[in-house]
Amino acid sequence: MLISGKYCVYKKGVCPLGLSEGFLHWDDEDRNNVNKDGGSLPEGAYGSDTRIFFCCRTDGDKSDPVPLPLSKPFYLLAYGSSDCQLVKGAITTTEYIIFDNEDKNNQDSSGGVHPYASSSLIYYCYYQAPASVETTTNCSKLLEKTTATRHSVPAAIKSSSNQLPVRFISDTHNEHPGFVANYRAVGPGAVRLVNGTLSSGTVQIFYDEKWGTVCDESWDITDANVVCRQLGFSGANHSVSSVYES
């Protein structure tokens, strides 16, 4: 029996207890079709068209991490959306496969409980344990201890060895133990916001080993959108010339 959650696996024999069966069918190209198969395959039909059967768990919450072994990397298929089921302690990467299916009078179909598929795409979630980093540099065991909120960012830490093992420890005395941590390596061309919040402020760029404020000459919403996307946002609400004041 696989643990509760929202994910799918390939079907091979009978679905484990708690998982439901379904399939996806791809109407592959009629002309110049070069489908072929070999080796051990999931249950399905592999001819001029492709049909693959799956077993899916649907009774959990994707945002609730499930405990699964991380001794080796593994895949799950996304269910309900392209978002992956969280797994405790795992680094997760979303991947996909595009099927070259029939363009005219396409007869793609599905049945039962099956992975999330968008047009000819099917989404996979790749899980692996965090890499164990060892370094011989003479660093102190504790470079910095800091407390940050969603509206504040701790000071930057610089590593001359180009290696910086980081360990995040939550405050277990909180009523709800746990934390969310975001960090990134800064190199030439990196941007940041200062004198504001995490999502607004004066734009600076990292160049020649130091931060400098971007000139506002000809600065407009197009430039603001580029910077916001570099910082992980969908875009800018508006742009402001001159130094930002909150």
Side-chain angles (χ1 to χ4, degrees), residues 6 61-65 77-87 90-101 103 115-128 130-131 143-160 162-164 166 168 170 176 178-246:
K6 284 190 176 179
D61 185 341
K62 286 187 177 186
S63 62
D64 185 14
L77 290 97
Y79 173 80
S81 73
S82 59
D83 296 331
C84 292
Q85 168 69 53
L86 295 183
V87 172
I91 296 174
T92 309
T93 306
T94 302
E95 303 176 0
Y96 63 84
I97 292 177
I98 300 177
F99 283 79
D100 183 15
N101 51 8
D103 299 320
Y116 176 75
S118 175
S119 184
S120 58
L121 276 72
I122 183 170
Y123 291 87
Y124 292 78
C125 304
Y126 179 73
Y127 301 90
Q128 58 182 329
L143 287 174
E144 181 174 330
K145 182 178 180 181
T146 184
T147 299
T149 70
R150 61 182 299 179
H151 298 297
S152 66
V153 180
I157 302 172
K158 185 175 180 179
S159 171
S160 58
N162 204 31
Q163 291 183 327
L164 187 64
V166 179
F168 293 104
S170 64
H176 302 287
F179 61 93
V180 175
N182 293 303
Y183 65 96
R184 64 188 177 110
V186 174
V191 294
R192 71 177 183 179
L193 300 175
V194 297
N195 302 326
T197 69
L198 291 182
S199 59
S200 61
T202 299
V203 178
Q204 292 190 336
I205 188 168
F206 192 73
Y207 177 74
D208 195 23
E209 296 298 312
K210 58 181 179 291
W211 289 100
T213 301
V214 174
C215 176
D216 65 355
E217 183 176 349
S218 300
W219 177 270
D220 59 18
I221 190 66
T222 302
D223 304 300
N225 274 320
V226 171
V227 170
C228 286
R229 292 192 179 104
Q230 283 183 270
L231 294 171
F233 300 103
S234 59
N237 292 328
H238 63 277
S239 65
V240 179
S241 296
S242 74
V243 175
Y244 179 87
E245 295 181 1
S246 57

Let me confirm one number: the [atom1]-[atom2] distance from [X] to [Y], rounded to the nearest 0.5 Å.
X: Ser200; Y: Asn237; atom1: OG; atom2: CG; answer: 9.5 Å
X: Cys125; Y: Leu86; atom1: SG; atom2: CG; answer: 9.5 Å
X: Tyr96; Y: Ser120; atom1: OH; atom2: OG; answer: 10.0 Å
X: Asp64; Y: Gln85; atom1: CG; atom2: CD; answer: 7.5 Å

side-chain hydrogen bond (donor to acceptor under 3.5 Å, both in side chains) involving [X] - partner list, sequence neighbours excluded:
X: Glu95; value: Tyr75
X: Thr93; value: none
X: Tyr127; value: none
X: Asp61; value: Ser63

Can you give me the closest heavy-atom contact between [X] and [Y], atom names plus distance?
X: Thr94; Y: Ser82; result: CG2-O, 3.9 Å
X: Asp83; Y: Ala78; result: O-CB, 3.7 Å
X: Ser234; Y: Arg229; result: O-NE, 3.4 Å
X: Ala236; Y: Ile221; result: CB-CD1, 3.9 Å

Requested in this report: With sequence neighbours left out, write down each residue that passes ring pair (Phe, Tyr, Trp, His ring centres under 6.0 Å) with Tyr124, or none if nothing qualifies.
Outcome: none
Query - Residues that Phe206 engages under ring pair (Phe, Tyr, Trp, His ring centres under 6.0 Å), provided they are two or more places apart - result: Trp211
**Report entry** Partners meeting salt bridge (Lys or Arg N to Asp or Glu O under 4.0 Å) with Asp103 (sequence neighbours left out)
**Finding:** none
Query raised in the report: How about Val226 and Asp223: do any of their side-chain heavy atoms sit closer than 4.5 Å?
Result: no
**Report entry** Residue Phe233 excluded, over 12 heavy atoms near CZ under 6.0 Å
**Finding:** yes
**Report entry** Non-neighbouring partners of Val214 that pass side-chain contact (heavy atoms from CB on, under 4.5 Å), sequence neighbours left out
**Finding:** Val203, Ile205, Trp219
Query - For Ser118, all residues meeting side-chain contact (heavy atoms from CB on, under 4.5 Å), sequence neighbours excluded - result: Tyr116, Tyr123
